[in-house]
**Q** 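This is the structure I want to talk about, given as structure tokens.
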Amino acid sequence: MAGGIEIFSDDQNYDRMEMLKAFDETEAGVKGLIDSGLSKIPKIFIRPSEELCEELSHENTQIQVPVIDLMDVQKPDRRKQIVEEVRIASETWGFFQVVNHGIPLTVLDGMIKGVHQFNEQDVEEKKKYYSRDLMRRVRFNSSYDLFTSKTATWKDTLTISFSDLAEIFDRQELPSSCRDSSLEFSKHAETLGNNLLGLLSEALGLKTDHLENMECSKGHRLHCHYYPACPEPELAIGTIKHSDAGFLTILLQSQNISSLQVLYQDQWVDVQPVPAGLVVNIGDLLQLVSNGKFKSIKHRAIASLIGPRISVACFFSGPINGAKIYGPIEELISEENPAIYREVMLSEYVAKFLTTTLDDCVLDYYKL
């Protein structure tokens, strides 16, 4: 209980908002529920009946998201082949996995271990970071849109923002359990992000540094997700169906559980973890500046009977606190291929994103 409200109420006429507040006030997250020994999930985590029924109309398929080997990417002939693979994957799937990407396995494993240690530590230590204040550069909570979404998601998240590179990031702001690992992973992910933007620029027929010069990678955020085992996974969801709002996402996921799914040709496709691999996906803003050439695809993470599953998403969303304006790239527009999106001020775009639920695609507001 919290504030006198029972989180586990079976009352059919329960007050959802009061139950959400009660859960939030525990500041213990979903793992706190698991640690309490529950055998059924609270009502706030049960998906709407229409969404559960929709599962029956979607088939799961055994086809696989493309895997692209970045070995020898600087050799001209090999690079040309890789750029073509990136182009095809970005135009059709909006998702691909990369191997031989340059980030050492020790860095990847260290990041997963750090997130695990943060979530497994004493709950009172985690509560020091629990907040819904979006201005905090380091914050821990469950479901950023907890009070506006239809369903609370079955995960806890530690968010670390590197949004303003002009600021000196104080190491002491970071939890000691994942301080070194997150800084090391962040440094490598930023380098890989710029390398990928170079490949994507070339795939659009532009100079290698075009997207980087547009400041698409200026600042980034790490969302470190911890998905506990769920006693009723068919009723819950780890992350609801959505597309990513930024330019590009690099995702590290633990190898033990496959929960990430991509909606491809109206079928849910499991993104199986590849040893030492990373998942890359196109975001809504990259779909906008590419004038629809690259696709930002809906995806989700399902709940599982086994756990925990850990994933770390590195979001590249540009200088979100500034007045930067983005629109379809001029070189991609012609009389035969007119602009299909209007220009958007990034700060306005971010503000709109933060006032909608995760499953509401902000990009749709900017279609011409």
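Values reported hereafter were calculated over all heavy atoms of this structure, with side chains retained and with hydrogens, waters and symmetry mates removed. Please read all numbers here as calculations on a predicted model, not as lab measurements.
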**Q** OG1/Thr208 to CG/Leu200 distance, rounded to the nearest 0.5 angstrom?
**A**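 If I round to the nearest 0.5 Å, the distance is 11.5 Å.
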**Q** So do Pro104 and His188 actually touch side chain to side chain, heavy atoms under 4.5 Å?
**A**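 The answer is yes, as the side chains (C-beta and beyond) meet within the 4.5 Å cut-off.
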**Q** Leu305, Val30: one ILVMFWY side-chain cluster at the under-4.5 Å cut-off?
**A** no
**Q** Taking all non-hydrogen atoms of both residues into account, name the closest pair between Ile34 and Ala229 and its distance.
**A** CD1-O, 3.2 Å
**Q** With no hydrogens and no angle check, just 3.5 Å: does a side-chain donor-acceptor pair link Tyr366 and Glu343?
**A** no
**Q** Distance-only, no hydrogens or angles: does the Gln97 side chain make a donor-acceptor pair with backbone N or O of Gln272 under 3.5 Å?
**A**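 The answer is yes, because a donor-acceptor pair under 3.5 Å joins these two groups.
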**Q** Give a yes or no on whether the backbone of Arg136 and the side-chain of Arg139 come within a donor-acceptor separation of less than 3.5 Å.
**A** yes
**Q** Does the side chain of Val289 come within less than 4.5 Å of Pro328's, by heavy atoms?
**A**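 Not touching, per the 4.5 Å side-chain cut-off.
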**Q** Can you name the nearest heavy-atom pair linking Pro231 to Trp154, along with the distance?
**A**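 For Pro231 versus Trp154, the nearest heavy atoms are CD-CZ2, 3.9 Å.
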**Q** Examine Leu260 and Val274 and state if one hydrophobic cluster contains both, with Ile, Leu, Val, Met, Phe, Trp and Tyr joined whenever side-chain heavy atoms are less than 4.5 Å apart.
**A** no
**Q** According to a 4.5 Å side-chain heavy-atom criterion applied to Ile, Leu, Val, Met, Phe, Trp and Tyr, with indirect links allowed, do Val73 and Leu278 form part of one hydrophobic cluster?
**A** yes
**Q** May I ask you to test the Glu232-Glu234 pair for a side-chain heavy-atom distance under 4.5 Å?
**A**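 Sidechains of Glu234 and Glu232: in contact.
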**Q** Which is it for Ser317 and Arg221 under the side chain to side chain contact (heavy atoms under 4.5 Å, CB included) test, yes or no, and what are the steps along the way?
**A** CA-CA 8 Å; Ser317 302; Arg221 298 184 322 283; 3.5 Å; yes
**Q** Does one side chain, of His223 or Thr157, offer a donor that lies under 3.5 Å from an acceptor on the other?
**A**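 The answer is no; no qualifying pair exists.
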**Q** Under 3.5 Å, is there a donor on one side chain and an acceptor on the other for Tyr129 and Glu27?
**A**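 Side chains of Tyr129 and Glu27: no pair found under 3.5 Å.
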**Q** May I ask you to check whether Ser258 and Asp270 show a side-chain donor-acceptor distance below 3.5 Å?
**A**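 No donor-acceptor contact under 3.5 Å links the two side chains.
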**Q** Taking the six-membered ring of Tyr365 (Phe, Tyr or Trp), confirm whether the NZ or CZ of Lys352 is under 6.0 Å from its centre and within 45° of its axis.
**A**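 Here Lys352 passes the 6.0 Å and 45° test against Tyr365.
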**Q** With a sphere of 6.0 Å drawn around CG of Asp77, does it hold more than 12 non-hydrogen atoms of other residues, nucleotides or ligands?
**A**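 For Asp77, atom CG is not crowded (no more than 12 foreign heavy atoms under 6.0 Å).
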**Q** Would Glu91 and Lys295 pass as an ion pair if we require N to O under 4.0 Å?
**A** no
**Q** What's the verdict on side chain to side chain contact (heavy atoms under 4.5 Å, CB included) for Arg137 and Glu173, showing C-alpha distance, side-chain angles and the deciding distance?
**A** CA-CA 8 Å; Arg137 294 174 59 163; Glu173 289 184 60; 4.0 Å; yes
**Q** Say whether, by atom type as modelled, one donor and one acceptor occur between the side chain of Ser254 and the main chain of Ile310 under 3.5 angstrom.
**A** yes
**Q** With a 3.5 Å cut-off and no angle check, do the side chains of Ser304 and Ser259 form a donor-acceptor pair?
**A** no
**Q** With a 4.5 Å heavy-atom cut-off, do Phe185 and Leu252 have their side chains touching?
**A** yes
**Q** For the NZ atom on Lys324, are there more than 12 heavy atoms of other groups (residues, nucleotides or ligands in this structure) within a distance under 6.0 Å?
**A** yes
**Q** Look up atom CG in Leu206 and atom CG in Leu197, then write down how far apart they are to the nearest 0.5 Å.
**A**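 If I round to the nearest 0.5 Å, the distance is 12.0 Å.
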**Q** Does any N or O in the side chain of Asp284 come within less than 3.5 Å of the main-chain N or O of Phe247, such that one atom is a donor and the other an acceptor?
**A**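 Judged by distance alone, no pair lies under 3.5 Å.
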**Q** For the pair Lys187 and Glu190, find out whether any cationic side-chain nitrogen is under 4.0 Å from an anionic carboxylate oxygen.
**A**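 Judged by the 4.0 Å cut-off on N to carboxylate O distance, Lys187 and Glu190 do not form a salt bridge.
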**Q** Between Asp156 and Tyr227, is any side-chain donor less than 3.5 angstrom from a side-chain acceptor?
**A** no
**Q** Is there a path of hydrophobic side-chain contacts, each under 4.5 Å between heavy atoms, that joins Ile340 and Phe294?
**A** yes
**Q** Given 3.5 Å as the limit, does a donor-acceptor pair link the side chain of Asn213 with the main chain of Asp209, or not?
**A** yes
**Q** His299 and side-chain hydrogen bond (donor to acceptor under 3.5 Å, both in side chains): which partner among Thr249, Thr239, Asp244?
**A** Asp244
**Q** Should Phe45 and Leu20 be counted in the same cluster of Ile, Leu, Val, Met, Phe, Trp and Tyr side chains packed under 4.5 Å apart?
**A** yes
**Q** Is it the case that the side chain of Arg78 and the backbone of Asp72 share a donor-acceptor pair, with hydrogens and angles ignored and the cut-off at 3.5 Å?
**A** no
**Q** Answer with yes or no after comparing the ring centroid distance for Phe95 and Tyr264 against a 6.0 Å cut-off, counting only values under it.
**A**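 Distance test on ring centres: not under 6.0 Å, no.
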**Q** Salt-bridge test for Lys126 and Asp122: reply yes if a basic N is under 4.0 Å from a carboxylate O, no otherwise.
**A**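 Asp122 and Lys126: not salt-bridged.
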**Q** Rounded at 0.5 Å granularity, tell me how far OG in Ser182 sits from CE in Met111.
**A**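 Answer rounded to 0.5 Å: 5.0 Å.
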**Q** Is any side-chain heavy atom of Leu346 less than 4.5 Å from a side-chain heavy atom of Tyr326?
**A**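 A side-chain contact exists here, since the closest heavy-atom pair is under 4.5 Å.
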**Q** Rounded to the nearest 0.5 Å, what's the gap from NE2 on His101 to CG on Asp69? Could you check?
**A** 10.0 Å
**Q** Any chance you could lay out the salt bridge (charged side-chain N to carboxylate O under 4.0 Å, His left out) test for Arg179 and Glu184, step after step, and finish with the verdict?
**A** CA-CA 9 Å; Arg179 182 178 299 147; Glu184 188 69 11; over 6 Å; no
**Q** Identify the two heavy atoms, one from Gln64 and one from Trp93, that lie closest to each other, and give their separation to 0.1 Å.
**A**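 Closest heavy-atom pair between Gln64 and Trp93: O-CZ2, 3.4 Å.
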**Q** Got a second to check how far Arg309's CZ is from Gln255's CD, nearest 0.5 Å?
**A** 10.5 Å
**Q** Quick one: closest heavy-atom pair of Ser186 and Leu222, and the distance?
**A** CB-CD1, 4.3 Å
**Q** As an exercise, state the distance from NE2 of His242 to SG of Cys361, rounded to the nearest 0.5 Å.
**A** 10.5 Å
**Q** How far apart are the C-alpha atoms of Tyr226 and Phe118, what are their side-chain angles, what is the distance that settles it, and do they pass the ring-ring contact (aromatic ring centres under 6.0 Å, His included) test?
**A** CA-CA 10 Å; Tyr226 180 94; Phe118 173 82; 9.2 Å; no
**Q** Tell me, do Phe316 and Lys218 make a side-chain contact under 4.5 Å, heavy atoms counted?
**A**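 The answer is no; the side chains never approach within 4.5 Å.
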**Q** Does the side chain to side chain contact (heavy atoms under 4.5 Å, CB included) test come out yes or no for Leu204 and Lys293, once each step is laid out?
**A** CA-CA 8 Å; Leu204 289 170; Lys293 188 174 178 66; 3.5 Å; yes
**Q** Quick one: do the Asp133 and Ser131 side chains pair a donor with an acceptor below 3.5 Å?
**A** no
**Q** Per the side-chain hydrogen bond (donor to acceptor under 3.5 Å, both in side chains) rule, which among His210, Arg87, Arg79 passes with Glu202?
**A**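 With Glu202 as partner, His210, Arg87, Arg79 yield a single side-chain hydrogen bond (donor to acceptor under 3.5 Å, both in side chains), made by Arg79.
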**Q** Tell me whether the centres of the aromatic rings in Tyr130 and Phe140 are closer together than 6.0 Å.
**A**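 They qualify: ring centres under 6.0 Å apart.
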**Q** Taking all non-hydrogen atoms of both residues, which atom of Asn291 and which atom of Ala339 are closest, and how far apart?
**A**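 Here Asn291 and Ala339 meet closest at OD1-CA, 3.4 Å.
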**Q** More than 12 foreign heavy atoms under 6.0 Å from NZ of Lys127: is that the case here?
**A** yes
**Q** For a 4.5 angstrom cut-off between non-hydrogen side-chain atoms, does Ile297 reach Asn281?
**A**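 No - every pair of side-chain heavy atoms lies 4.5 Å or more apart.
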**Q** Looking at Glu330, I'd like to know if its CD atom is crowded, meaning that more than 12 non-hydrogen atoms belonging to other residues, nucleotides or ligands lie closer than 6.0 Å.
**A**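 No, CD of Glu330 has 12 or fewer neighbouring heavy atoms, counting only those of other groups under 6.0 Å.
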**Q** Do the side chains of Leu146 and Asp24 get nearer than 4.5 Å, heavy atoms only?
**A** yes
**Q** Nearest heavy-atom pair of Ala245 and Tyr349: which atoms, and what distance?
**A**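 Looking at all heavy atoms of both residues, the closest pair is O-OH, 2.7 Å.
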